[in-house]
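Only one structure is covered here, and it is reproduced in the block below.
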Amino acid sequence: MSCIFCKIIAGEAPAAILYRDEQVIAFRDIHPIASTHILIVPLRHISSVNELEEADAALVGHMALAAKQLAVQEGVAGRGYRLIMNTGPEGGQSVFHLHMHLIAGKSARSLLG
Ligand code: 5GP
Ligand code: ZN
């Protein structure tokens, strides 16, 4: 298994895990770009948004709801945050296991201008 997120899910690589249920796991990004930077990751290996199918619609919705809950937990829901899914090399994706970034805090504001 070469996928780093699959290794984290399997407990074979360390991570600061904040949340886990039957569909997703959430852990802190190892190189945070803002004071809150969390990754919401499906337990099932899907490479990117490009590989999503109609049957995955509920899973993606579940990722967004997990992100919303984590934003409350982190105390950033009121001030706001960004949810980002980088896709493909020119979309800035570096880990090819689907994930949603939850980014909040002062430096999150300048991300997209
Ligand atoms: P991408 O660039 O694919 O949208 O995002 C991948 C993210 O995963 C990056 O922000 C990177 O810092 C994070 N990352 C890469 N390897 C690891 C790891 O081993 N552990 C954790 N917690 N985050 C990682
Ligand atoms: Zn994987």
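Start at 1 and go down the list; that is how both ligands and their atoms are numbered.
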For the pair [X] (side chain) and [Y] (backbone), establish whether a donor and an acceptor sit closer than 3.5 Å, ignoring hydrogens and angles.
{"X": "Glu74", "Y": "Ala71", "answer": "no"}
{"X": "Thr87", "Y": "Met85", "answer": "yes"}
{"X": "Arg20", "Y": "Ile9", "answer": "yes"}
{"X": "Arg28", "Y": "Ile17", "answer": "no"}

Table please: side-chain donor-acceptor pairs of residues 56-65 below 3.5 Å, with sequence neighbours left out.
residue, atom, partner, partner atom, Å
Asp56, OD1, Arg44, NH2, 2.6
Asp56, OD2, Glu53, N, 2.8
His62, NE2, Asp21, OD2, 2.6

* **Rounded distance [0.5 Å steps], CG in Leu18 versus CD in Gln69** => 11.0 Å
* Point-to-point distance, once rounded to the nearest 0.5 Å, from OG1 of Thr36 to CD1 of Ile103 -> 10.0 Å
* Distance filter under 2.8 Å, centred on the Zn ion (ligand 2) - protein N, O or S atoms that pass it -> Cys3 SG, Cys6 SG, His45 ND1, His97 ND1
* At their closest point, which heavy atom of Val24 faces which heavy atom of Ala66, and how far apart are they? -> CG2-CB, 4.2 Å
* To do: Would you check ligand 1 and list the protein residues that come within less than 4.0 Å of it by any heavy atom, ordered by chain and number?
  => Ile4, Phe5, Ile8, Phe27, Arg28, Asp29, Ile30, His31, Leu39, Asn86, Gly92, Gln93, Ser94, Val95, His99, His101
* **For Phe5, all residues meeting side-chain contact (heavy atoms from CB on, under 4.5 Å), sequence neighbours excluded** => Cys3, Ile8, Phe27, Leu39, Val41, Val95, His97, His99
